[in-house]
Amino acid sequence: MYDDIPSVTLPSGKEVPALGLGTWNMGENRSSAPQEIESIRKAIDLGMTLIDTAEMYADGRSEEVVGTAIAGRRDDVFLVSKVYPWNASDKGTVEACERSLARLGTDHIDLYLLHWRGEHPLTETVAAFERLKSDGKIGDWGVSNFDTDDMEELFAVPDGKNCAANQVLYNLSRRGPEFSLLPWCQERGVPLMAYSPIEQGRILKNHELIRIAKAYQATPAQLALAFLLERDGVIAIPKSASASRVEENRGATDLEITDEDWTALDAAFPVPTRKTALEML
Ligand code: NDP
(Lines give C-alpha, C1' and ligand atoms only; values in the text may rest on other atoms or scores of the structure.)
Protein backbone atom coordinates (compact mmCIF):
# COMPACT_ATOMS: atom_id res chain seq x y z
CA MET A 1 0.00 0.00 0.00
CA TYR A 2 1.16 3.50 -0.81
CA ASP A 3 0.23 6.90 0.55
CA ASP A 4 -2.41 8.67 -1.54
CA ILE A 5 -1.18 10.61 -4.53
CA PRO A 6 -1.67 14.33 -3.84
CA SER A 7 -4.08 15.96 -6.26
CA VAL A 8 -3.82 19.17 -8.22
CA THR A 9 -6.91 21.22 -9.00
CA LEU A 10 -7.33 22.53 -12.53
CA PRO A 11 -8.91 25.99 -13.00
CA SER A 12 -12.17 24.16 -13.90
CA GLY A 13 -12.22 22.63 -10.42
CA LYS A 14 -11.37 19.16 -11.75
CA GLU A 15 -8.88 17.27 -9.57
CA VAL A 16 -6.09 15.28 -11.18
CA PRO A 17 -3.27 13.24 -9.61
CA ALA A 18 0.04 15.07 -9.18
CA LEU A 19 1.84 11.95 -10.38
CA GLY A 20 1.03 10.55 -13.82
CA LEU A 21 2.77 8.71 -16.63
CA GLY A 22 4.58 9.95 -19.75
CA THR A 23 4.64 7.94 -22.97
CA TRP A 24 7.29 9.55 -25.19
CA ASN A 25 9.14 6.77 -27.09
CA MET A 26 6.33 4.30 -26.58
CA GLY A 27 5.00 2.90 -29.84
CA GLU A 28 8.41 3.05 -31.55
CA ASN A 29 8.71 -0.74 -31.71
CA ARG A 30 5.90 -3.16 -32.27
CA SER A 31 7.70 -5.79 -30.16
CA SER A 32 7.79 -3.47 -27.10
CA ALA A 33 4.05 -2.73 -27.18
CA PRO A 34 2.96 -5.48 -24.74
CA GLN A 35 5.42 -4.20 -22.12
CA GLU A 36 4.34 -0.60 -22.70
CA ILE A 37 0.68 -1.54 -22.36
CA GLU A 38 1.45 -3.41 -19.15
CA SER A 39 3.23 -0.38 -17.68
CA ILE A 40 0.35 1.98 -18.59
CA ARG A 41 -2.15 -0.41 -16.99
CA LYS A 42 0.07 -0.70 -13.92
CA ALA A 43 0.17 3.09 -13.61
CA ILE A 44 -3.63 3.26 -13.77
CA ASP A 45 -3.93 0.46 -11.18
CA LEU A 46 -1.67 2.45 -8.86
CA GLY A 47 -3.62 5.70 -9.23
CA MET A 48 -1.22 7.40 -11.69
CA THR A 49 -4.21 7.87 -13.93
CA LEU A 50 -3.03 10.99 -15.76
CA ILE A 51 -1.54 9.65 -18.99
CA ASP A 52 0.41 12.03 -21.24
CA THR A 53 0.87 11.44 -24.96
CA ALA A 54 1.09 13.48 -28.20
CA GLU A 55 0.45 13.15 -31.91
CA MET A 56 4.23 13.58 -32.25
CA TYR A 57 5.24 10.51 -30.25
CA ALA A 58 6.19 7.68 -32.61
CA ASP A 59 4.12 9.46 -35.30
CA GLY A 60 0.89 8.72 -33.47
CA ARG A 61 1.73 5.17 -32.44
CA SER A 62 2.17 6.22 -28.80
CA GLU A 63 -1.48 7.33 -28.87
CA GLU A 64 -2.40 3.93 -30.34
CA VAL A 65 -0.57 2.09 -27.55
CA VAL A 66 -2.32 4.31 -24.98
CA GLY A 67 -5.65 3.63 -26.71
CA THR A 68 -5.10 -0.13 -26.43
CA ALA A 69 -4.00 0.12 -22.79
CA ILE A 70 -7.04 2.15 -21.70
CA ALA A 71 -9.65 0.25 -23.71
CA GLY A 72 -12.49 -0.69 -21.39
CA ARG A 73 -11.34 1.67 -18.65
CA ARG A 74 -11.48 5.08 -20.32
CA ASP A 75 -13.33 6.60 -17.37
CA ASP A 76 -10.48 5.73 -15.00
CA VAL A 77 -8.06 7.86 -16.96
CA PHE A 78 -7.31 11.57 -17.38
CA LEU A 79 -5.98 11.67 -20.92
CA VAL A 80 -3.57 14.38 -22.09
CA SER A 81 -2.47 14.77 -25.72
CA LYS A 82 -0.85 17.51 -27.80
CA VAL A 83 -1.16 19.13 -31.18
CA TYR A 84 1.93 19.95 -33.29
CA PRO A 85 2.43 23.73 -33.62
CA TRP A 86 2.22 23.52 -37.42
CA ASN A 87 -1.18 21.83 -37.14
CA ALA A 88 -2.47 24.40 -34.66
CA SER A 89 -4.42 26.57 -37.11
CA ASP A 90 -8.15 27.12 -36.81
CA LYS A 91 -9.04 24.12 -38.98
CA GLY A 92 -5.82 22.12 -38.43
CA THR A 93 -6.25 21.93 -34.65
CA VAL A 94 -9.68 20.36 -35.00
CA GLU A 95 -8.49 17.90 -37.65
CA ALA A 96 -5.43 16.91 -35.58
CA CYS A 97 -7.66 16.37 -32.57
CA GLU A 98 -10.00 14.12 -34.60
CA ARG A 99 -7.00 12.02 -35.72
CA SER A 100 -5.75 11.74 -32.11
CA LEU A 101 -9.22 10.70 -30.92
CA ALA A 102 -9.32 7.94 -33.55
CA ARG A 103 -5.89 6.64 -32.54
CA LEU A 104 -6.78 6.82 -28.83
CA GLY A 105 -10.08 5.04 -29.46
CA THR A 106 -12.07 7.58 -27.47
CA ASP A 107 -14.54 10.42 -28.06
CA HIS A 108 -12.76 12.96 -25.86
CA ILE A 109 -9.34 14.04 -24.66
CA ASP A 110 -9.36 15.46 -21.12
CA LEU A 111 -6.59 17.98 -21.68
CA TYR A 112 -5.33 19.00 -25.11
CA LEU A 113 -2.09 20.99 -25.30
CA LEU A 114 -0.33 23.11 -27.90
CA HIS A 115 3.01 21.24 -27.91
CA TRP A 116 5.12 24.38 -28.35
CA ARG A 117 4.69 27.80 -29.95
CA GLY A 118 4.69 27.92 -33.72
CA GLU A 119 3.65 30.05 -36.65
CA HIS A 120 -0.10 30.10 -36.03
CA PRO A 121 -1.41 33.05 -33.98
CA LEU A 122 -2.40 32.11 -30.43
CA THR A 123 -5.82 33.70 -31.03
CA GLU A 124 -6.52 31.13 -33.74
CA THR A 125 -5.34 28.12 -31.74
CA VAL A 126 -7.26 29.22 -28.65
CA ALA A 127 -10.44 29.75 -30.69
CA ALA A 128 -10.08 26.22 -32.11
CA PHE A 129 -9.46 24.80 -28.62
CA GLU A 130 -12.57 26.57 -27.32
CA ARG A 131 -14.63 25.12 -30.17
CA LEU A 132 -13.34 21.61 -29.43
CA LYS A 133 -14.32 22.20 -25.81
CA SER A 134 -17.87 23.29 -26.68
CA ASP A 135 -18.19 20.26 -28.96
CA GLY A 136 -17.18 17.98 -26.06
CA LYS A 137 -14.14 16.65 -27.91
CA ILE A 138 -11.79 17.98 -25.25
CA GLY A 139 -12.42 18.73 -21.59
CA ASP A 140 -9.80 21.44 -21.21
CA TRP A 141 -6.91 22.89 -23.18
CA GLY A 142 -3.48 24.09 -22.25
CA VAL A 143 0.00 24.78 -23.57
CA SER A 144 3.49 23.36 -23.37
CA ASN A 145 6.98 24.91 -23.40
CA PHE A 146 5.51 28.38 -22.65
CA ASP A 147 7.80 30.73 -20.71
CA THR A 148 6.48 33.55 -18.51
CA ASP A 149 6.32 36.06 -21.39
CA ASP A 150 4.47 33.52 -23.57
CA MET A 151 1.96 33.02 -20.77
CA GLU A 152 1.47 36.80 -20.48
CA GLU A 153 0.80 36.92 -24.22
CA LEU A 154 -1.59 33.99 -24.02
CA PHE A 155 -3.55 35.57 -21.19
CA ALA A 156 -4.01 38.70 -23.31
CA VAL A 157 -5.82 36.91 -26.19
CA PRO A 158 -9.59 36.25 -26.08
CA ASP A 159 -10.28 33.24 -23.82
CA GLY A 160 -6.52 32.83 -23.25
CA LYS A 161 -7.15 32.85 -19.50
CA ASN A 162 -8.97 29.53 -19.90
CA CYS A 163 -5.58 27.79 -20.19
CA ALA A 164 -5.72 24.80 -17.82
CA ALA A 165 -2.02 23.83 -17.65
CA ASN A 166 1.47 24.55 -18.93
CA GLN A 167 3.73 21.53 -19.47
CA VAL A 168 7.43 22.37 -19.24
CA LEU A 169 10.86 20.88 -18.61
CA TYR A 170 11.24 20.97 -14.84
CA ASN A 171 13.28 18.77 -12.56
CA LEU A 172 16.06 19.06 -9.97
CA SER A 173 18.66 19.83 -12.61
CA ARG A 174 16.38 22.31 -14.44
CA ARG A 175 15.09 24.65 -11.79
CA GLY A 176 14.78 27.72 -14.01
CA PRO A 177 10.95 27.66 -13.83
CA GLU A 178 11.16 28.37 -10.08
CA PHE A 179 12.53 31.85 -10.78
CA SER A 180 9.38 33.33 -12.32
CA LEU A 181 7.27 30.86 -14.33
CA LEU A 182 6.21 28.62 -11.46
CA PRO A 183 5.21 31.52 -9.15
CA TRP A 184 3.36 33.15 -12.09
CA CYS A 185 1.39 29.95 -12.70
CA GLN A 186 0.76 29.33 -8.99
CA GLU A 187 -0.62 32.87 -8.53
CA ARG A 188 -3.11 32.27 -11.35
CA GLY A 189 -3.98 28.69 -10.45
CA VAL A 190 -2.52 27.24 -13.66
CA PRO A 191 -0.90 23.86 -12.90
CA LEU A 192 2.65 23.32 -14.15
CA MET A 193 3.20 19.83 -15.56
CA ALA A 194 6.84 18.84 -15.11
CA TYR A 195 8.08 16.83 -18.08
CA SER A 196 11.30 14.77 -18.03
CA PRO A 197 10.96 14.85 -14.22
CA ILE A 198 13.97 12.56 -13.76
CA GLU A 199 15.87 14.25 -16.61
CA GLN A 200 15.45 11.08 -18.70
CA GLY A 201 17.51 9.21 -16.11
CA ARG A 202 20.57 11.49 -16.28
CA ILE A 203 20.24 12.97 -12.77
CA LEU A 204 19.99 9.55 -11.15
CA LYS A 205 23.80 9.29 -11.02
CA ASN A 206 24.15 12.43 -8.91
CA HIS A 207 26.07 11.52 -5.74
CA GLU A 208 24.13 13.81 -3.42
CA LEU A 209 20.79 12.55 -4.76
CA ILE A 210 21.96 8.97 -4.24
CA ARG A 211 23.27 9.72 -0.73
CA ILE A 212 20.06 11.38 0.48
CA ALA A 213 17.80 8.79 -1.16
CA LYS A 214 19.73 6.00 0.56
CA ALA A 215 19.10 7.57 3.96
CA TYR A 216 15.36 7.00 3.35
CA GLN A 217 15.84 3.57 1.77
CA ALA A 218 14.52 5.16 -1.35
CA THR A 219 15.81 5.31 -4.90
CA PRO A 220 17.18 8.46 -6.57
CA ALA A 221 14.18 8.48 -8.95
CA GLN A 222 11.78 8.45 -6.00
CA LEU A 223 13.57 11.37 -4.37
CA ALA A 224 13.67 13.35 -7.63
CA LEU A 225 9.90 12.86 -7.98
CA ALA A 226 9.25 13.65 -4.31
CA PHE A 227 10.96 17.00 -4.89
CA LEU A 228 8.32 17.85 -7.53
CA LEU A 229 5.39 16.46 -5.53
CA GLU A 230 6.39 18.79 -2.69
CA ARG A 231 5.49 21.83 -4.82
CA ASP A 232 2.00 23.32 -5.04
CA GLY A 233 0.32 23.02 -8.41
CA VAL A 234 3.01 20.80 -9.93
CA ILE A 235 2.22 17.54 -11.75
CA ALA A 236 5.06 15.10 -12.56
CA ILE A 237 4.77 12.72 -15.51
CA PRO A 238 7.70 10.27 -15.41
CA LYS A 239 7.77 7.87 -18.34
CA SER A 240 8.51 4.22 -17.88
CA ALA A 241 7.82 1.26 -20.09
CA SER A 242 8.62 -1.08 -17.21
CA ALA A 243 5.86 -2.00 -14.77
CA SER A 244 8.39 -2.44 -11.96
CA ARG A 245 9.82 1.06 -12.49
CA VAL A 246 6.28 2.48 -12.62
CA GLU A 247 5.77 0.88 -9.23
CA GLU A 248 9.07 2.29 -7.99
CA ASN A 249 8.08 5.78 -9.17
CA ARG A 250 4.70 5.44 -7.47
CA GLY A 251 6.56 5.02 -4.18
CA ALA A 252 7.72 8.66 -4.40
CA THR A 253 4.60 9.72 -2.50
CA ASP A 254 5.75 7.88 0.61
CA LEU A 255 8.92 9.89 1.28
CA GLU A 256 8.98 12.40 4.11
CA ILE A 257 12.13 14.40 3.68
CA THR A 258 13.52 16.56 6.49
CA ASP A 259 14.15 20.28 5.99
CA GLU A 260 17.84 19.60 6.42
CA ASP A 261 17.86 17.17 3.50
CA TRP A 262 15.82 19.53 1.28
CA THR A 263 18.47 22.17 2.03
CA ALA A 264 21.20 19.70 1.07
CA LEU A 265 19.37 18.99 -2.20
CA ASP A 266 19.03 22.73 -2.86
CA ALA A 267 22.78 23.07 -2.47
CA ALA A 268 23.39 20.20 -4.91
CA PHE A 269 20.80 21.51 -7.40
CA PRO A 270 20.69 25.29 -7.03
CA VAL A 271 17.93 27.53 -8.37
CA PRO A 272 19.27 30.08 -10.89
CA THR A 273 19.84 33.51 -9.35
CA ARG A 274 18.46 35.34 -12.39
CA LYS A 275 15.80 34.68 -15.03
CA THR A 276 17.00 32.18 -17.62
CA ALA A 277 15.14 31.23 -20.80
CA LEU A 278 12.90 28.20 -20.41
CA GLU A 279 14.76 25.10 -21.56
CA MET A 280 13.22 22.50 -23.86
CA LEU A 281 14.01 18.91 -24.74
P1 NDP B 1 11.68 11.05 -17.82
O2 NDP B 1 12.44 12.03 -16.99
O3 NDP B 1 10.34 10.67 -17.44
O4 NDP B 1 12.60 9.75 -17.94
C5 NDP B 1 12.24 8.65 -18.70
C6 NDP B 1 13.44 7.70 -18.80
O7 NDP B 1 13.86 7.29 -17.51
C8 NDP B 1 13.15 6.45 -19.58
O9 NDP B 1 14.32 6.10 -20.29
C10 NDP B 1 12.84 5.41 -18.50
O11 NDP B 1 13.22 4.13 -18.96
C12 NDP B 1 13.73 5.87 -17.37
N13 NDP B 1 13.15 5.62 -16.04
C14 NDP B 1 11.87 5.80 -15.63
N15 NDP B 1 11.73 5.51 -14.33
C16 NDP B 1 12.96 5.13 -13.90
C17 NDP B 1 13.47 4.71 -12.65
N18 NDP B 1 12.69 4.63 -11.58
N19 NDP B 1 14.79 4.40 -12.57
C20 NDP B 1 15.59 4.48 -13.64
N21 NDP B 1 15.17 4.88 -14.86
C22 NDP B 1 13.87 5.20 -14.98
O23 NDP B 1 11.76 11.62 -19.32
P24 NDP B 1 10.73 11.90 -20.51
O25 NDP B 1 11.46 12.81 -21.44
O26 NDP B 1 10.16 10.66 -21.04
O27 NDP B 1 9.59 12.80 -19.82
C28 NDP B 1 8.39 12.27 -19.29
C29 NDP B 1 7.21 12.55 -20.18
O30 NDP B 1 7.02 13.96 -20.36
C31 NDP B 1 7.40 12.05 -21.63
O32 NDP B 1 7.32 10.65 -21.72
C33 NDP B 1 6.32 12.83 -22.33
O34 NDP B 1 5.06 12.25 -22.07
C35 NDP B 1 6.47 14.19 -21.65
N36 NDP B 1 7.38 15.10 -22.38
C37 NDP B 1 6.85 16.26 -22.90
C38 NDP B 1 7.64 17.14 -23.60
C39 NDP B 1 7.02 18.38 -24.16
O40 NDP B 1 7.65 19.07 -24.97
N41 NDP B 1 5.80 18.72 -23.78
C42 NDP B 1 9.07 16.90 -23.83
C43 NDP B 1 9.56 15.71 -23.18
C44 NDP B 1 8.73 14.87 -22.47
P45 NDP B 1 12.18 2.88 -19.02
O46 NDP B 1 11.03 3.32 -19.86
O47 NDP B 1 13.01 1.83 -19.66
O48 NDP B 1 11.82 2.58 -17.60
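Order of listing sets the numbers, starting from 1, for every ligand and every atom in it. Counting begins at 1 with the first residue of the sequence.
With ring centers used as reference points, W184 lies 6.0 Å or more from F179.
Ligand-side atoms of ligand 1 in range of Q167: 35 (C), 36 (N), 37 (C), 38 (C), 39 (C), 41 (N), range being under 4.0 angstrom from any heavy atom. Proximity to H115 (heavy-atom distance under 4.0 Å) selects the following atoms of ligand 1: 39 (C), 40 (O), 41 (N). Near K82, the atoms of ligand 1 lying under 4.0 angstrom from a non-hydrogen atom of the residue are 41 (N). Ligand-side atoms of ligand 1 in range of D52: 33 (C), 34 (O), 35 (C), range being under 4.0 angstrom from any heavy atom. Interface atoms of ligand 1 facing L204, defined by a heavy-atom separation under 4.0 Å, are 19 (N), 20 (C), 21 (N). Annotation for ligand 1: atoms under 4.0 Å from non-hydrogen atoms of P238 are 3 (O). Within ligand 1, counting atoms from 1 as listed, the ones closer than 4.0 Å to a heavy atom of A221 are 17 (C), 18 (N). Shown in contact with I237 at under 4.0 Å from a heavy atom are these atoms of ligand 1, numbered in order with element: 28 (C), 29 (C), 30 (O), 35 (C).
Counting heavy atoms under 4.0 Å from ligand 1, residue W116 does not touch it at all. Contacts of N25 with ligand 1, taken as heavy-atom pairs under 4.0 Å, are absent altogether. Of all the heavy atoms of E248, the ones lying under 4.0 Å from any atom of ligand 1 belong exclusively to the side chain. Contacts with ligand 1 closer than 4.0 Å are made by heavy atoms of both the backbone and the side chain of S240. The proximity of A241 to ligand 1, defined as any non-hydrogen pair under 4.0 Å, involves the side chain as well as the backbone. Contacts between P197 and ligand 1, counted as non-hydrogen atom pairs separated by less than 4.0 Å, involve both the backbone and the side chain.
Residues D90 and H120 are not in side-chain contact: their nearest non-hydrogen atoms beyond the backbone lie 4.5 Å or more apart. Between V126 and P121, every side-chain heavy-atom pair lies at or beyond the 4.5 Å cut-off. At a threshold of 4.5 Å between non-hydrogen side-chain atoms, the residues Y195 and Q200 do not count as touching.
Among all protein heavy atoms, the one lying closest to atom 27 (O) of ligand 1 is S196 N, 2.9 Å. When only non-hydrogen protein atoms are considered, atom 40 (O) of ligand 1 lies nearest to N145 ND2, 3.0 Å. Remark: minimum distance from atom 10 (C) of ligand 1 to any protein heavy atom is reached at K239 O, 3.5 Å. Of all protein heavy atoms, the one lying nearest to atom 45 (P) of ligand 1 is R245 NH1, 3.3 Å. Among protein heavy atoms, atom 4 (O) of ligand 1 sits closest to Q200 CA, 3.2 Å.
Aromatic ring pairs are classed by plane angle as parallel below 30°, tilted from 30° to 60° and perpendicular above 60°; the pair W116 and Y84 is perpendicular.
N171 and S173 are linked by a side-chain donor-acceptor pair at a separation below 3.5 angstrom, with hydrogens and angles left out of the test. In this structure, a donor-acceptor pair under 3.5 Å is absent between the side chains of S39 and S242.
A salt bridge between D52 and K239 is absent, with no side-chain N of the basic residue lying under 4.0 Å from a carboxylate O of the acidic one. Between D266 and R175, at least one side-chain N (NZ, or NE/NH1/NH2) sits under 4.0 Å from a carboxylate O, which counts as a salt bridge. Salt bridge R174/E279: present, at least one basic N to carboxylate O contact under 4.0 Å. In summary, R250 and E247 do not engage in a salt bridge, as defined by a charged side-chain N under 4.0 Å from a carboxylate O. Under 4.0 Å is where a charged nitrogen must lie from a carboxylate oxygen, and between R117 and D150 at least one such pair does.
With atom 30 (O) of ligand 1 as the reference point, the heavy atom nearest to it among Y57, W24, Y195 is part of Y195.
Close N/O approach between I198 and ligand 1 is found [any backbone or side-chain N/O within under 3.5 Å]. Residue L281 has no nitrogen or oxygen atom sitting less than 3.5 Å from a nitrogen or oxygen atom of ligand 1, judged on distance alone. Polar contact with ligand 1: present for N249 (N/O pair, distance under 3.5 Å).
The two residues P220 and A213 come nearest to each other via the heavy atoms N-CB, 3.8 Å.
More than 12 heavy atoms of other residues, nucleotides or ligands sit less than 6.0 Å from atom CD of E119.
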